[in-house]
Amino acid sequence: MANKIRQVKGMPPVLPESTPNWQYVESKFRHLLQSSGYAEIRMPLLEHTELFKRSIGEVTDIVEKEMYTFDDLNGKSLTLRPEGTAGCVRTAIDNGLLHNQKQRLWYAGPMFRHENTQAGRYRQFHQIGVEAFGFADTDIELEHLVLVSRLWKELGLANMTLELNTLGTSEERLQYKKILVDYFQQQQDLLDEDSIRRLGSNPLRILDSKNPQMAELIGNAPVLLDHLGEESTGKFNRLLALLDKLQIAYTVNTRLVRGLDYYCHTVYEWTTNELGAQSAVCAGGRFDGLVEQLGGRAGTAVGFAMGIERLIMLLEKQNSLPEPERPDIYLVMLGDQAQETGFVIAETLRDAIANIRVIINCGGGNMKAQIKRADKSGAELALFLGEDEVNSGQISIKYLREEGKQIKIDQQKLVEFIRKHISQRTG
RNA sequence: UUGACCAUAGCUCAAUAGGUAGAGCCUCAUAUUGUGAAUAUGGAAAAUGCCGGUUCGAUUCCGGUUGGUCAACCCA
């Protein structure tokens, strides 16, 4: 045997045993969104590198060192998308979706970041994202938060924490940045190495530091919320009041700044403490400047993204994933004649009963082997067609999961029998 | 990018203070040539991730590499 080729680091497959979990989460999400007026958009996985540099920010970790960037055969630099927002905005602008229009959009798919792997972190990971364009008021943020909160409820997910903050307008933030830099510069000897580096590039991120030795310094730092104008704080307070009204619990975290450059006003994270070092399951906020920055007409934008791997890991931990569906029927056939009849019967059942799950024995095998496979498949019933049944126009039915004698009925009556059996089980 | 631990049948794990590997599960067959979780018997399944070094000899020691797990950083 030739040497095995291993998977690319951090790019695990979703194996058959877990695809039902993915389908479950995705379909919950899809139904919820579609019933709230959101339409799916599918973007390419590759974009011009420039797009991410311009939208995410040149000095962010993502752009500086985490992108899968390579030259196309014609020399153009392309990048595998590290997140969905940039591509979504670009696609929407490109196709005229944002021209004097409101849009409620969602997407799902793989994202790529060249980071070292760890629990809940992969190089190819999957996000479900939602973006709303053309909504200036905070009611759209509320809609998103309500939506996610409902998703948690429908999935039976417990212990999610919502942390909120506001970043104000870019002017307000710029002013605050100066004040913050002043503060930290005055106490530069207390800063750790990372923070000194950030002081020049991205001072807001210092507030995010997990270094316990910095906790006091950060705790005493000036708070952005105190330096915002009336309009910005008004918007934020209005959002908090509405959340109260809807009984969605939250905590205001004035140190929450998010890693991507394009955010303004509302930012938030839904977090958990059950996923090891990774806490964010869903994060988002407002990014009004981005559309114009990417060449569209100035317009507002709000959105969020959640990590599907993390969500499923959490559901697994909380034992909230549904049992996989079992087949209804495994069809056992002995002999050529029986096989012919069997396929016809299976098709008749599929025509007559919507969503029936029938497995036909393929690959031959004697009676014993076929029944073993039937058992292993998890099917409720085994149907037998042997020489006897073929000759008499009957079919044998054996219960695999419940007490009950094996019976033999006319093939004509099979549909009716199975229909009754299935409705009993589900009803 | 940095650090820690790990890598033996499809799966879960043994083993040898360096002497070319065993078990359980799974699978297949037979006992039962038309009846599934039991039992018994038998079979199949591994150049010990890969490359190199030390050695008479490496699964075992060393180096590298690839992958896994976890953490820092950062993020979904």
Side-chain angles (χ1 to χ4, degrees), chain A residues 1-12 15 17 56 59-66 81-85 108-130 148 192-195 197-198 202 205 208-212 256-260 268-272 275-284 303-314 330 332-335 338 361 363 365-390 396-401 405-406 408:
Chain A
M1 194 165 48
N3 287 346
K4 280 190 227 166
I5 297 175
R6 307 253 218 160
Q7 74 176 28
V8 176
K9 187 183 180 76
M11 307 209 177
L15 296 175
E17 58 172 354
I56 297 170
V59 297
T60 55
D61 277 36
I62 293 179
V63 170
E64 273 180 348
K65 50 196 186 199
E66 294 175 1
R81 64 182 187 191
E83 53 98 53
T85 299
M111 307 294 164
F112 303 85
R113 290 184 200 172
H114 194 104
E115 303 178 87
N116 247 340
T117 55
Q118 126 186 22
R121 167 181 295 170
Y122 307 94
R123 289 183 170 184
Q124 172 174 332
F125 61 102
H126 296 76
Q127 287 187 339
I128 299 178
V130 169
V148 172
D192 62 15
E193 207 178 309
D194 279 338
S195 299
R197 184 172 49 80
R198 289 195 196 112
N202 200 347
R205 294 220 61 87
D208 242 358
S209 171
K210 279 185 207 158
N211 187 346
L256 180 68
V257 292
R258 317 281 304 95
L260 292 68
Y268 59 86
E269 279 182 10
W270 292 88
T271 60
T272 172
L275 285 183
Q278 261 54 245
S279 60
V281 176
C282 173
F304 65 86
M306 70 176 70
I308 308 183
E309 284 86 355
R310 291 183 186 179
L311 186 54
I312 289 175
M313 281 169 80
L314 248 189
Y330 191 100
V332 171
M333 298 159 298
L334 293 172
N361 182 77
N366 60 24
M367 189 79 179
K368 188 186 177 78
Q370 292 194 41
I371 291 205
K372 271 190 169 177
R373 289 178 207 153
D375 182 43
K376 211 189 144 209
S377 78
E380 299 283 331
L381 300 176
L383 303 188
F384 299 170
L385 280 174
E387 213 173 317
D388 295 354
E389 285 86 350
V390 169
S396 292
I397 299 167
K398 181 183 174 71
Y399 295 89
L400 295 173
R401 309 289 144 202
K405 257 205 169 129
Q406 182 172 327
K408 203 184 265 192

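This is a predicted model, so every value here is computed, not measured.
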By nearest atom, which of the nucleotides [options] is closest to the [X] side chain?
| X | options | value |
| --- | --- | --- |
| A:Gln118 | B:A72, B:A76, B:G67 | B:A72 |
| A:Met367 | B:A71, B:G34, B:G36 | B:G34 |
| A:Ser396 | B:A76, B:C70, B:G34 | B:G34 |
| A:Gln7 | B:G68, B:U35, B:A37 | B:G68 |
| A:Asp375 | B:A72, B:A37, B:A76 | B:A37 |
| A:Phe125 | B:A71, B:A76, B:U32 | B:A76 |
| A:Arg310 | B:U1, B:A37, B:A76 | B:A76 |
| A:Arg6 | B:A7, B:A76, B:U35 | B:A7 |
| A:Gln406 | B:A76, B:A71, B:U35 | B:U35 |
| A:Lys9 | B:G67, B:U2, B:G34 | B:G67 |

Atom [atom1] of [X] and atom [atom2] of [N]: how far apart are they, to the nearest Å?
| X | N | atom1 | atom2 | result |
| --- | --- | --- | --- | --- |
| A:Ile5 | B:C51 | CD1 | P | 14 Å |
| A:Met11 | B:U66 | CE | C1' | 15 Å |
| A:Phe112 | B:A76 | CZ | C1' | 14 Å |
| A:Lys372 | B:A31 | NZ | C1' | 12 Å |
| A:Glu115 | B:A76 | CD | P | 9 Å |
| A:Glu17 | B:G10 | CD | P | 17 Å |
| A:Lys4 | B:C51 | NZ | P | 13 Å |
| A:Ile312 | B:A76 | CD1 | P | 18 Å |

For [Y], is there any backbone N or O sitting under 3.5 Å from a side-chain donor or acceptor partner on [X]?
| X | Y | answer |
| --- | --- | --- |
| A:Arg123 | A:Glu115 | yes |
| A:Gln406 | A:Lys398 | no |
| A:Arg310 | A:Ser279 | no |
| A:Gln124 | A:Pro12 | no |
| A:Arg113 | A:Pro82 | yes |
| A:Glu387 | A:Leu334 | no |

Can you tell me how far [atom1] in [N] sits from the matching atom in [M], rounded to whole Å?
| N | M | atom1 | result |
| --- | --- | --- | --- |
| B:G64 | B:U27 | C1' | 38 Å |
| B:C6 | B:U59 | C1' | 15 Å |
| B:G68 | B:U32 | C1' | 45 Å |
| B:U54 | B:A15 | P | 29 Å |
| B:U8 | B:U16 | C1' | 13 Å |
| B:G53 | B:U69 | P | 32 Å |
| B:U1 | B:A9 | C1' | 37 Å |
| B:G67 | B:U35 | C1' | 45 Å |

Indicate, with a heavy-atom threshold strictly under 4.0 Å, whether [X] touches base, sugar-phosphate, or nothing.
| X | value |
| --- | --- |
| A:Arg113 | base |
| A:Lys398 | base |
| A:Gly120 | base |
| A:Ala374 | nothing |
| A:Gly335 | nothing |
| A:Tyr399 | base |
| A:Tyr122 | base |

Interatomic distance, CZ@A:Phe125 vs CE@A:Met11, rounded to 0.5 Å, equals 10.5 Å
Taking all non-hydrogen atoms of both residues, which atom of [X] and which atom of [Y] are closest, and how far apart?
| X | Y | result |
| --- | --- | --- |
| A:Ala305 | A:Gln127 | CB-OE1, 3.7 Å |
| A:Asp375 | A:Arg401 | O-NH2, 2.8 Å |
| A:Cys282 | A:Met306 | CB-CB, 3.7 Å |

Writing each nucleotide of RNA chain B 5' to 3' as (, ), [, ], | or . by Watson-Crick or G-U pairing under 3.5 Å yields (((((((..((((.....[..)))).(((((.......))))).....(((((..]....))))))))))))....
Closest to the 5' end of RNA chain B, once A:Pro12 and A:Phe384 are matched to their nearest nucleotides, is A:Phe384
Closest to the 5' end of RNA chain B, once A:Gly365 and A:Leu275 are matched to their nearest nucleotides, is A:Gly365
Worksheet item: Is there a donor on the side chain of A:Glu389 or the base of B:G34 sitting less than 3.5 Å from an acceptor on the other?
Response: yes
For a quick check, tell me whether the side chain of A:Arg121 and the base of B:C73 share a donor-acceptor pair closer than 3.5 Å.
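Such a pair is found, so the answer is yes.
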The glycosidic conformation of B:A40, counting syn as within 90° of 0 and anti otherwise, is anti
Relative to its sugar, using the 90° cut-off around 0, the base of B:A47 is syn
Check step by step if side chain to side chain contact (heavy atoms under 4.5 Å, CB included) holds for A:Tyr330 and A:Leu381.
CA-CA 6 Å; A:Tyr330 191 100; A:Leu381 300 176; over 6 Å; no
- Can a side chain N or O of A:Lys376 be found less than 4.0 Å away from OP1 or OP2 on B:G36?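 Answer is no, no contact under 4.0 Å.
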